[in-house]
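These notes concern the structure reproduced below.
Note that the coordinates shown come from a computational prediction; the quantities given were computed from them, not determined experimentally.
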Amino acid sequence: MPSFSSPSPAPHALFGFTPFSEDSTTAKQIATLQAKLNKKLGPEYISQRPGPSGGPKLTYAEGWKIINLANEVFGFNGWSSNIVSIVTDFVDYSEESKRFNVGVTAIVRVTLRDGAYHEDVGYGALENGKSKGAALDKCKKEAITDALKRTLRNFGNLLGNCLYDKSYAQEVVKIKVPPVRVLAPCLSRRPCSFRPTLGQV
């Protein structure tokens, strides 16, 4: 149930961090943002997992990758998310197996700095959980992450909407992705990590 709203007050920068007025600058910023969102995801953002009941593989983007992309596009303080609702659909306990089956539905809203927003629904389910608490915890997190991803994809291809194009999804996974190299300059380290030992002084 995606929805979209754009309020009437004067907007703020969508990917900058200062207010702007409705002029040519605004139009250029919106056009730049739209151009970013129109791009489709590269293969390094995409994962696959087995489909249900041995069906075709499912192509998807992990939640943390989509969140990183949203931070890159909108700015880390250019967007926010909130849980509109979260409902436990069922908690079934089997006396025979001593296990829990749980289902949870969540609705998440993502709001941009200018007040425009989308919201969508997500679902989390678990079968044969050993603990009721652990099952509910997993399902709630899964439902919220699913809803967040589904909401963000309403903003454009770059945030996951392109994955609903089956022909694109079939082709992009054929592109080889080089292995990830962890480079020291890209890591955030504690200052003491760089202090030389006595033998190095």
Would you check if Leu69 and Leu41 make a side-chain contact, meaning some heavy-atom pair closer than 4.5 Å?
yes
So do Thr59 and Val173 actually touch side chain to side chain, heavy atoms under 4.5 Å?
yes
Decide whether a cation-pi geometry holds between Arg49 and Tyr60; the criteria are a distance under 6.0 Å from NZ or CZ to the six-membered ring centre and an angle within 45° of the ring axis.
yes
Rounded to the nearest 0.5 Å, what separation is found between the CD atom of Glu62 and the OH atom of Tyr45?
13.0 Å
Does Leu33 share a hydrophobic cluster with Ile67, counting links as ILVMFWY side-chain heavy atoms below 4.5 Å and allowing steps through other members?
yes
Counting only N and O atoms by type, is there a donor-acceptor contact under 3.5 Å from the side chain of Lys149 to the main-chain atoms of Ala61?
yes
Salt bridge between Arg109 and Asp120, side-chain N to carboxylate O under 4.0 Å?
no
Without placing hydrogens or testing angles, list every side-chain donor-acceptor pair under 3.5 Å for residues 126-134, not counting sequence neighbours.
from   : atom 1 : to     : atom 2 : distance (Å)
Ser131 : OG     : Gly133 : N      : 3.4
Ser131 : OG     : Ala134 : N      : 3.3

Count the heavy atoms belonging to other residues, nucleotides or ligands that lie under 6.0 Å from NZ of Lys98, then report whether that count exceeds 12.
yes
With rounding to the nearest 0.5 angstrom, report the CG to CZ distance, Asn161 to Arg150.
10.5 Å
Is any side-chain heavy atom of Trp79 less than 4.5 Å from a side-chain heavy atom of Leu152?
yes
Going by atom types alone, do Asp165 and Ser167 pair a side-chain donor with an acceptor below 3.5 Å?
yes
Interatomic spacing from CD1 in Ile86 to OG1 in Thr105 - rounded to 0.5 Å:
9.0 Å
Do Gln34 and Asn38 have side-chain N/O donor and acceptor atoms under 3.5 Å apart?
yes
So OG1 of Thr151 and CD1 of Ile66: to nearest 0.5 Å the spacing works out to 12.0 Å
Axial cation check for Tyr93 ring with Arg99, 6.0 Å and 45° limits
no
Between Tyr123 and Val104, is there a side-chain heavy-atom distance shorter than 4.5 Å?
no
